[in-house]
Asks: 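This is the structure I have questions about; it appears just below.
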There are 2 protein chains.
Amino acid sequence: MIVRQAANVLEIMEFFAQVKKPATLAEIADHFGWPRSSTFNLLATLSEKGYLYEPRPRAGFYPTPRWLAMARMISEVEPLPPWTHQLISDLSAETGETASIVAPAGVMAVFIDVVESKAAIRYFATIGHRVPIHATASGRALLLQYSQEERDSVYRKIEFKQYGPSTPISIEAVETELRNSISRGYCQSFADYSRDLAGAAIPLPIGDRRLSVVVAGPEFRIGPKVPEVAALIARTVDRLRPKTSAA
Amino acid sequence: MIVRQAANVLEIMEFFAQVKKPATLAEIADHFGWPRSSTFNLLATLSEKGYLYEPRPRAGFYPTPRWLAMARMISEVEPLPPWTHQLISDLSAETGETASIVAPAGVMAVFIDVVESKAAIRYFATIGHRVPIHATASGRALLLQYSQEERDSVYRKIEFKQYGPSTPISIEAVETELRNSISRGYCQSFADYSRDLAGAAIPLPIGDRRLSVVVAGPEFRIGPKVPEVAALIARTVDRLRPKTSAA
DNA sequence: GGAAAATGTACATATATGTGAATTTATATG
DNA sequence: CATATAAATTCACATATATGTACATTTTCC
């Protein structure tokens, strides 16, 4: 069950992140199609908690720097080592496609760092974006790091859906693809989940964290180059990952 | 009316900002005394929206960097000019007390930047902290920047409460104190709102934004020095505020 | 290795909550 | 300056939602 008002808080914040200027109650209510009275309650709650204020008279609400302060406190814990951002930055520059660091979240994989392609036609992904763990290159690069029991436990929760023609729709199909990935040396996906999207990924364990790197883009552009992109990823990881000790 | 689940989202985030490590459903539920099922729904919602993930197997949830990305986008708009942080940083260093930049939010004043005193006994304030606009030095330094009509409109919404012995409990009392502040050259408060707390504040208009600076600390320590602290604030603003154009 | 304890998940139901309509307050217009 | 129009609040009630209970899964401990 989705908690509506919890989701609404996130929507409001995303709204402000997008418009980047103060907004009045009426504007917010209209934007979302929410009743004024409900919007009033929500804004009052956020204000009362110190997360919204009124920067200038009659110009409406805007988030306080408290969001930033809180986000910083949260993120200063075990941040990704700097070389991982360098990694996807280099990969994106060299391939011209979108490169990301991905982490597990139950049956999903979450993008925790992203450098977007600059091409007009590109894979549009943002930090926080989620994809099914079994139906994507990045996700399978995570699954490769699980034990058989852990994988089984994940499989039990997956609802297998036919997202595209090549989506694996059974545990066996996923396991087969994982075995193929191992012998191939990298994970790949050709529109397994998103239409027209292809990508190459490899596991990226850091300490006891299970992450993966993925480069993805439109099938017509990246498709034929998937093997060489995968090789590039491996080389770049080799180059950037600190050799001394387990990073 | 307070929107409970909206407030809960904030509480969860504050919880993570405090403990700085992943937490399981059970831990979170126990911490807040929430039912498991409700906690489950909330965590599922935040996860689904890409704001929580599971950094390592069976270690529970933690916020994704999406919070940080969003907070950055929001805060890169009209950030406070760097000299204001320098200002409170210097003031805190020189006085040994807590110094803050404050902005209006209806009948309240919000702390939008804070440098805390390092003393063991100190005014503990964080970004986002809110105080009544009429019953604090910092708040009155904001009110001084309002027109009479704007002030009247604020007064109508204030619930006058006797927070302490010297709290102004009527419109007239507030207006009198404002007039005194003008002739005095700064705003002050001696436990008008918080017990044992005294402070000095002056208005700090920046562009069309109405802000104020305040230095506050325990009454016994800062009380006798309020006039000189106020003078110091004024001198420091003079020193740091860019002279060219309206900053 | 097996039983017990703890944790995570699903669902129906009573109730806390969102909202439409009414009221008050602020702003624009003639 | 008075009136019209728009925005912000308040409030009572119907309904969407939080939760108690039951079940499943995982982990711990002996």
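In what follows, chains are A, B, ... by sequence order, proteins preceding strands, each numbered from 1. Both backbone and side-chain heavy atoms feed into the values below; hydrogens, waters and symmetry mates do not.
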Asks: On the nucleotide dA16(C), are OP1 or OP2 found under 4.0 Å from the side-chain N or O atoms that Arg4(B) carries?
Replies: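 Checking Arg4(B) against dA16(C): no side-chain N or O falls below 4.0 Å of OP1 or OP2.
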
Asks: Counting heavy atoms from C-beta on, name the nucleotide in dT25(C), dT9(D), dA18(D) closest to the side chain of Val3(A).
Replies: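 Looking only at heavy atoms from C-beta outward on Val3(A), the closest nucleotide is dA18(D).
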
Asks: Provide, to the nearest angstrom, the distance between the CD atom belonging to Glu150(A) and the P atom belonging to dG8(C).
Replies: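 Nearest whole value for this atom pair: 15 Å.
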
Asks: In whole Å, I'd like the distance from the CG atom of Leu42(A) to the P atom of dG18(C).
Replies: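 The answer, rounded to whole Å, is 8 Å.
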
Asks: Just how far, in rounded Å, is C1' of dG20(D) from CG of Asn41(B)?
Replies: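 That distance rounds to 13 Å.
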
Asks: If you pin Lys157(A) and Val154(B) to their nearest nucleotides in DNA chain C, which one's is more 5'?
Replies: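 Its nearest nucleotide lies further toward 5', so the answer is Lys157(A).
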
Asks: Can a cation-pi geometry be assigned to Arg210(A) and Tyr146(A), taking NZ or CZ under 6.0 Å from the six-membered ring centre and within 45° of the ring axis?
Replies: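 Output yes; distance and angle both within limits.
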
Asks: Atom CG of Leu52(A) to atom P of dA8(D): distance rounded to whole Å?
Replies: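 Those two atoms, CG and P, are 14 Å apart.
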
Asks: The side chain of Ser37(B) lies closest to which of these nucleotides: dA18(D), dC11(C), dG20(C)?
Replies: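 When the side chain of Ser37(B) is considered, dC11(C) is the closest of dA18(D), dC11(C), dG20(C).
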
Asks: Side chain of Ser153(B), heavy atoms from C-beta onward: which of dA8(D), dA26(C), dG18(C) has the nearest atom to it?
Replies: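 Per side-chain heavy atoms of Ser153(B), the pick is dA26(C).
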
Asks: Taking only Lys NZ, Arg NE, NH1 and NH2, and the carboxylate oxygens of Asp or Glu, determine whether Glu27(B) and Lys21(B) approach each other closer than 4.0 Å.
Replies: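 Salt bridge between Glu27(B) and Lys21(B), a charged N being under 4.0 Å from a carboxylate O: no.
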
Asks: Charged N to carboxylate O under 4.0 angstrom, Glu172(A) versus Arg179(A)?
Replies: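 Looking at Arg179(A) together with Glu172(A), the answer is yes, because their closest N to O distance falls below 4.0 Å.
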
Asks: Identify, between Ile2(A) and Phe61(A), the residue whose nearest nucleotide on DNA chain D lies closer to the 5' end.
Replies: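 Result of the comparison: Phe61(A).
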
Asks: Just how far, in rounded Å, is C1' of dT25(C) from CZ of Arg156(B)?
Replies: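 Whole-Å distance recorded here is 8 Å.
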
Asks: Give the rounded distance in Å between these two atoms: CZ of Phe40(A) and C1' of dA22(C).
Replies: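 Spelled out: CZ on Phe40(A) to C1' on dA22(C) is 15 Å.
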
Asks: Base, sugar-phosphate, or nothing for Arg36(B), non-hydrogen atoms under 4.0 angstrom?
Replies: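 Base contact.
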
Asks: Check the distance between dA26(C)'s P and Glu54(A)'s CD and give it to me in whole angstrom.
Replies: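 Going from Glu54(A) (CD) to dA26(C) (P), I get 13 Å.
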
Asks: Round to the nearest Å and state the distance from Arg151(B) atom CZ to dT25(C) atom P.
Replies: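 Taking atom P of dT25(C) as the reference, CZ of Arg151(B) is at 20 Å.
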
Asks: Between dA8(D), dA26(C), dG20(D), which one does the side chain of Leu25(A) approach most closely?
Replies: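 The closest nucleotide is dA8(D).
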
Asks: Got a sec, which pairs hit ring pair (Phe, Tyr, Trp, His ring centres under 6.0 Å) with one end in residues 158-180 of chain A, sequence neighbours left out?
Replies: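 Ring pair (Phe, Tyr, Trp, His ring centres under 6.0 Å) check on residues 158-180 of chain A returns His134(A)-Phe160(A), Tyr163(A)-Tyr193(A).
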
Asks: Indicate whether OP1 or OP2 belonging to dG18(C) is found under 4.0 Å from a side-chain N or O atom of Gln5(A).
Replies: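 Yes.
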
Asks: Which nucleotide sits closest to the side chain of Thr24(B): dT19(D), dG8(C), dT19(C)?
Replies: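 Nearest listed nucleotide: dG8(C).
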
Asks: For Glu175(B), is there an ion pair with Arg140(B) - N to carboxylate O distance below 4.0 angstrom?
Replies: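 No.
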
